[in-house]
Amino acid sequence: MSMRTPLCLLLALCFAQWAVAQTEFERGRYLAAAGDCVACHTAANGRPFTGGRPFVTPFGTLYSTNITPDEKTGIGQYTLEQFTASMHRGKGLHGNLYPAMPYTSYRLVSDEDIAALFHYFMNLPAVENSPPANRLMFPANLRFGLSFWNWLYLDDEPLAQPEGKSAEWQRGNYLVNALGHCGECHTPRNFAFAMKGAPSMGSDEYLAGNVLEGWDAVDIRPHALRRQGWDRAHLQELFTTGSSERGTLFGEMYRVVDHSLRHLSGDDRNAIITYLLDESEPLPAVPNNTGAASERFPQGRGDFVAYCAGCHGRGGGGITLAFAPAMASNSSLRADSAHNAVAVILRGLPAQRRDRIQARAGMPSFHRELDDERVAGLVNFMRTAWGGARQEVTAADVAEIRRALDDEGYLTGNDQ
Ligand code: HEC
Ligand code: HEC
Ligand code: HEC
């Protein structure tokens, strides 16, 4: 036997070990995308994962922390057990974490996935960066008070795995409810900012929609998605590009696709869709009824032609999706709640540019041009013409949304 054989064996072994570590790192990177850690742990224009994004709550402002492995300012001192405790129970090294860190959902992430996430974060370059100090009122500034919150609201049931569902559905169940933490935005919250129910509690309100930052994180339960005309193909397109003939994404949801959903494998996106639609068929398309709508809402029709048709097309067919979406097949007009239709008109939408190919023109705001009466007429015209509206919007409804948006500072610019 020559000397070369043991050396080769040794090299092969080292290589195998390196390859395993590499795959664990890649797996961790993928899971971090599925969990969208970057969205919250990065400040505007900050380096990824170094913290400092503000969370404005009625109790004051809280900042996300640095989760690079820096010993002083990051999570360099965490062991796997401590990292697991922060993900599963909101127990940080320096006390209880505020539930702005979605451990109420991450508690369902498997130990195996947590280990891969830990490996990934511990092998990122360590960056020294301290986020600003929190500015919270008494008693919210006392972390030990959160033990009581956890005792009340931190569920400890495992993820429900109902029988008779496909493996694909179960995978979607895990991605949506554990890593994807979709419920944290899409579920109404109680006075203590806890989600009203969780999948394991069988609550009717889970994923039933919630207004946040002035947008309605819409009802995404199967029957609501069906009524809005969503099917597999359109959701797949929406979750890959952020827009489709059924509607475009904006606000936080645009970022969910940009940082998270578009980086998932097609299989995992399909699993999410299987879970969301729950194997149900979309309802038949809503017949367009522009004639009746023009008769009932002549001012709304006139305003649509004057202010909107230039981009969205006279017949509501849009120009091209890259320019402005169609109204005639738009899910936002078919939703039970007219919140987003009203809010889009009042505040407009910023232009989005992901790269040279994926860019979308913005939409101007109309809160100065159109008063509550006319916004209501316009929304009623569109919802009747293209959305099969079951309920009319009143000027008082618009006034209420306008007031809330104004109070929260969303009606200041002309393009926000
Ligand atoms: C919705 C926002 C949000 C998301 C998504 C999020 N975090 Fe956090 N996280 C926070 C906030 C806010 C804090 C700080 C909480 C506090 O100070 O009490 C935090 C704290 C932490 C801590 C404790 C750090 C310390 O300084 O002690 C760890 C670890 C952590 N997050 C890991 C993660 C990982 C891993 C992911 C992705 C799987 C993730 N977070 C996703 C908001 C988020
Ligand atoms: C300058 C072009 C332009 C004008 C004028 C315009 N829009 Fe838009 N609108 C857009 C673009 C672009 C989007 C998609 C932006 C995005 O999602 O990022 C959009 C989105 C929307 C949406 C949300 C659609 C969805 O897919 O969820 C609604 C509703 C809407 N517009 C209604 C109107 C109404 C009503 C008017 C007239 C008062 C109007 N728009 C005027 C360009 C325009
Ligand atoms: C950080 C908050 C946030 C998270 C997390 C979040 N969403 Fe959303 N989502 C929103 C908001 C706000 C809207 C409404 C704005 C829009 O339609 O773009 C929305 C809209 C949607 C829509 C409706 C699109 C339409 O036009 O009808 C779907 C479907 C959706 N989200 C699915 C998901 C799924 C699946 C997840 C988890 C992987 C998720 N969301 C996580 C905030 C969030």
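Predicted model only: the values in this text are computed from it and were never measured. Counting convention: from 1, in listed order, for ligands and their atoms alike.
- Within the 4.0 Å heavy-atom cutoff, Met382 counts among the residues contacting ligand 2.
- Short contacts between ligand 1 and His181, defined as distances under 4.0 Å to a heavy atom of the residue, involve ligand atoms 5 (C).
- Near Leu349, the atoms of ligand 2 lying under 4.0 angstrom from a non-hydrogen atom of the residue are 15 (C), 16 (C), 17 (O), 20 (C).
- Each of the following atoms of ligand 1 lies closer than 4.0 Å to a heavy atom of Asp36: 5 (C).
- In this structure, Ala100 is part of the shell of residues with a heavy atom less than 4.0 angstrom from ligand 1.
- Atoms of the protein (N, O or S only) found under 2.8 Å from atom 8 (Fe) of ligand 3 are His186 NE2, Met253 SD.
- The N/O atoms of Tyr78, backbone and side chain alike, include one that comes under 3.5 Å of an N/O atom in ligand 1.
- Distances under 2.8 Å from atom 8 (Fe) of ligand 1 pick out the protein N/O/S atoms His41 NE2, Met101 SD.
- The protein non-hydrogen atom at the shortest distance from atom 17 (O) of ligand 1 is Arg143 NH2, 3.1 Å.
- Residue contacts to atom 8 (Fe) of ligand 2: Cys308 brings no N, O or S atom closer than 2.8 Å.
- Under 4.0 angstrom from ligand 3, the non-hydrogen atoms of Gln228 all belong to its side chain.
- Atoms of ligand 2 lying under 4.0 Å from any heavy atom of Gly247, numbered from 1 in the order shown and given with element: 26 (O).
- If you check each of Phe118, Tyr106, Phe55 against atom 5 (C) of ligand 1, the one with the closest non-hydrogen atom is Tyr106.
- Less than 4.0 angstrom separates some heavy atom of Gly362 from each of these atoms of ligand 2: 12 (C), 42 (C).
- Polar contact with ligand 2: absent for Tyr307 (N/O pair, distance under 3.5 Å).
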